[in-house]
Amino acid sequence: MKIYTENDCGELLKRGFEERERELEIVKNILSDVRTRGDAAVFDYEKQFSGALIDQENICVGELEYLAAYEEVSPKLLCSLRRAIKNIREYHSRKGRRDTLETHDGRMTGYVVRPVASAGIYVPAGTAPLASSVCMGVIPAKAAGVKNVVVVTPTKKGAVHPLVLVAARECGADAVYKTGGAQAIAALAYGTESIKKVDVIAGPGNIYVTLAKKEVYGQVGIDMLAGPSEILIIADGSADPDCVAADVLSQAEHDPLSRAIVVTPDARLAEKISERVLVRLKELPRREIAEKSLDFGGGIVLVKDLEKACEISNQIAPEHLELYVAEPEEWLNKIENAGAVFLGGYTPEPVGDYFAGPDHILPTGGSAKFFGVLNEDVFTRKMSVIGYTKEALLKDGADIVRLAESEGLAAHARAVLARTEEK
């Protein structure tokens, strides 16, 4: 793993979400086709991309498929899944939806919170079943009070992985549809004969899914634009180099475009981490992917102190940030931009991926500067509420009229005057 200094790490820190023209053109064509032809286009793309023969009879997972899925999942795995779901559900239900209305001198102002009516959760299906992504997408929507939450996911030979189906049932998803890619996003955004239009689309996916979400934003709400996974680890002399190396590889194994960066003021630690990464790589089943990832977006950056490390982290705005330092809570105050922060040596990133409760659907590519972690607020709207008594309007009326007239909106002014002038 290459070691950089503050002066030569510029290219390593710059990489972010890239909008690629060829993929964007493909996505636009798919969106237009699905919008025009509906189900027929979705079925054609599923056959083209996955070889699956999907039609109106089998696009939605049926009860027999759920029953068969439960037979395929071991009791111990089901127990672990249910414990994770309990933690995630409790976390997202802590605050609940809160209305804020205040009355003062005859004026009621504030807002009420309402869930959207429907949400679509995209669950990727790469080389492994991503049941955790089902949990992290469906549960916050349900916690927000969304009545209809559906899952879309790519299939393998027309079948959804059993663990994904079990997770969907355990989390309370109202339906699972066998479609993925840009065509799934199009179906959720525009509606087809089989899949109803939703109000919000959430969940990570590949470049085609991400570009499709960007294109349909405005037709529907979206959570964020998520790209390849990333981790940044700020480590000091208290860190175990072998554990840091393990954490680096936990992200590098995701995708050749994943990023894994360590920032440390300790040169000796940097050397040891680099050595342990090489040792652990030899034992890794997904070694080839991890090696490409480290070549593309991996590295160790030597800095003068932890202050500079936090400055670099805020510049990158990483999806996952581990504060693997002696006093992590103290340094948390220095962090402004990150998707999720993991405190101390006993909080590796997979704790958040699967079990602790906070969501793992996080902004990437620097978008943590303006996007936040997926939470129940993504699936709600705040509606303003205003209520005036006659006395309050008489007191404020002249100011309102004056402001309306300053903008040349006479009818606005007269709507107030009609209630405040003596008749």
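The first residue of the sequence shown is numbered 1, and numbering continues consecutively from there.
- To the nearest 0.5 Å, atoms OG1 (T364) and CD1 (I231) are separated by 14.0 Å.
- Counting non-hydrogen atoms of other residues, nucleotides and ligands closer than 6.0 Å to CD of E63 gives a total above 12.
- Side-chain contact between L232 and V263 is present, with heavy atoms from C-beta onward closer than 4.5 Å.
- No donor-acceptor distance shorter than 3.5 angstrom exists from the side chain of Q251 to the backbone of V248, with no hydrogens or angles considered.
- In terms of modelled atom types and a separation under 3.5 Å, the side chain of R107 and the main chain of T103 share no donor-acceptor contact.
- Using a 3.5 Å distance cut-off with no hydrogens or angles, the side chains of D33 and Y45 do pair a donor with an acceptor.
- Counting only residues at least two apart or in different chains, side chain to side chain donor-acceptor pair (under 3.5 Å) contacts with residues 77-88 comprise R82-E170, K86-E90.
- Here SG of C9 is found 12.5 Å from CD1 of I300. Values are rounded to the nearest 0.5 Å.
- Using a 4.0 Å cut-off between charged nitrogen and carboxylate oxygen, K382 and D377 do not count as a salt-bridge pair.
- The shortest side-chain heavy-atom distance between I88 and M136 falls under the 4.5 Å cut-off.
- Remark: side-chain polar atoms of R259 are paired, donor with acceptor, to backbone N or O of L12 under 3.5 angstrom.
- Considering all non-hydrogen atoms of both residues, L374 and P140 come closest at CD2-CG, 4.2 Å.
- Atom NZ of residue K178 and atom CG of residue N58 lie 4.5 Å apart, to the nearest 0.5 angstrom.
- In this structure, T347 contributes its side chain and L343 its backbone to a donor-acceptor pair below 3.5 Å.
- Atom CD of Q56 is surrounded by more than 12 heavy atoms from other residues, nucleotides or ligands within 6.0 Å.
- Within a 6.0 Å radius of NZ in K147, no more than 12 heavy atoms belonging to other residues, nucleotides or ligands are found.
- Other residues, nucleotides and ligands contribute only 12 or fewer heavy atoms inside 6.0 Å of the OH atom of Y217.
- Judged by distance alone, the side chain of Y122 and the main-chain N or O of G181 form a donor-acceptor pair under 3.5 Å.
- Remark: Y354 OH is loosely packed, at most 12 non-hydrogen atoms of other residues, nucleotides or ligands lying under 6.0 Å away.
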* Please walk me through it: do L165 and V176 pass side chain to side chain contact (heavy atoms under 4.5 Å, CB included)? -> CA-CA 8 Å; L165 286 186; V176 176; 4.0 Å; yes
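- Remark: K28 does not engage E25 in a salt bridge, criterion side-chain N to carboxylate O under 4.0 Å.
- Taking every heavy atom of both residues into account, I59 and S194 meet most closely at CG2-CB, 3.8 Å.
- Side-chain atoms of E46 come within 3.5 Å of backbone N or O of G180 as a donor-acceptor pair.
- Although no hydrogens or angles enter the test, the distance criterion places a donor-acceptor pair under 3.5 Å between the side chain of D8 and the main chain of T5.
- In the model, T264 has no side-chain atom that pairs as donor or acceptor with a side-chain atom of D266 under 3.5 Å.
- Shown here is Y346, whose OH atom has no more than 12 heavy atoms of other residues, nucleotides or ligands within 6.0 Å.
- No hydrogens or angles considered: a donor-acceptor pair under 3.5 Å links the side chains of S229 and E319.
- Distance alone, capped at 3.5 Å, is enough to place a donor-acceptor pair between the K213 side chain and the G203 backbone.
- D255 is not listed as a side-chain neighbour of N206, based on a closest heavy-atom distance of 4.5 Å or more.
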Quiz item: Are V150 and Y177 close enough, and set up right, to give a side chain to side chain contact (heavy atoms under 4.5 Å, CB included), and what steps lead you there?
Solution: CA-CA 8 Å; V150 303; Y177 292 102; 4.0 Å; yes
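- Ion pairing between D242 and R280 holds under the 4.0 Å rule for side-chain N and carboxylate O.
- Minimum interatomic distance between N314 and E336 (heavy atoms only, all atoms of both residues): OD1-N, 2.7 Å.
- For the residue pair S250/D247, the side-chain donor-acceptor check at 3.5 Å is not satisfied.
- Distance check, rounded to the nearest 0.5 Å: CG of L281 to CZ of R286 gives 13.0 Å.
- In this structure, the separation between CG on L294 and CD1 on I289 is 12.0 Å, given to the nearest 0.5 Å.
- Checked by atom type and distance alone, the side chain of S274 never pairs as donor or acceptor with a backbone atom of A270 at under 3.5 Å.
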Between L81 and C135, does a side chain to side chain contact (heavy atoms under 4.5 Å, CB included) hold up when you go through it step by step? CA-CA 9 Å; L81 177 65; C135 302; 3.9 Å; yes
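- Note that the CD1 atom of I185 and the CD1 atom of I30 stand 11.0 Å from one another [nearest 0.5 Å].
- In this structure the side chain of L257 never reaches within 4.5 angstrom of the side chain of S293, judged on heavy atoms.
- Between C171 and I85 the shortest side-chain heavy-atom distance falls below 4.5 Å.
- Under the 4.5 Å side-chain criterion, counting only non-hydrogen atoms from C-beta, Y4 is not in contact with L302.
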Discussion item. Determine whether V42 and I54 satisfy the following criterion, side chain to side chain contact (heavy atoms under 4.5 Å, CB included), listing intermediate values before the conclusion.
Written reply: CA-CA 8 Å; V42 173; I54 303 297; 5.9 Å; no
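- Looking at S118, its side chain does come within 3.5 Å of a backbone N or O of D199 through a donor-acceptor pair.
- The environment of K2 atom NZ is sparse: at most 12 non-hydrogen atoms of other residues, nucleotides or ligands sit within 6.0 angstrom.
- The side chain to side chain donor-acceptor pair (under 3.5 Å) with H320 is formed by just one residue from the set E230, E349, H360; it is E349.
- In this structure the side chain of P204 reaches within 4.5 angstrom of the side chain of P124, judged on heavy atoms.
- When every heavy atom of S133 is checked against every heavy atom of I361, the shortest pair comes out as O-CD1, 4.3 Å.
- For the residue pair I201 and V220, the shortest heavy atom distance occurs at CD1-CG2, 3.7 Å.
- For the residue pair I233 and Y324, the shortest heavy atom distance occurs at CG2-CB, 4.1 Å.
- Atom CZ of R414 has 12 or fewer heavy atoms from other residues, nucleotides or ligands within 6.0 Å.
- Residues I234 and S313 meet the side-chain proximity criterion, which asks for heavy atoms closer than 4.5 Å.
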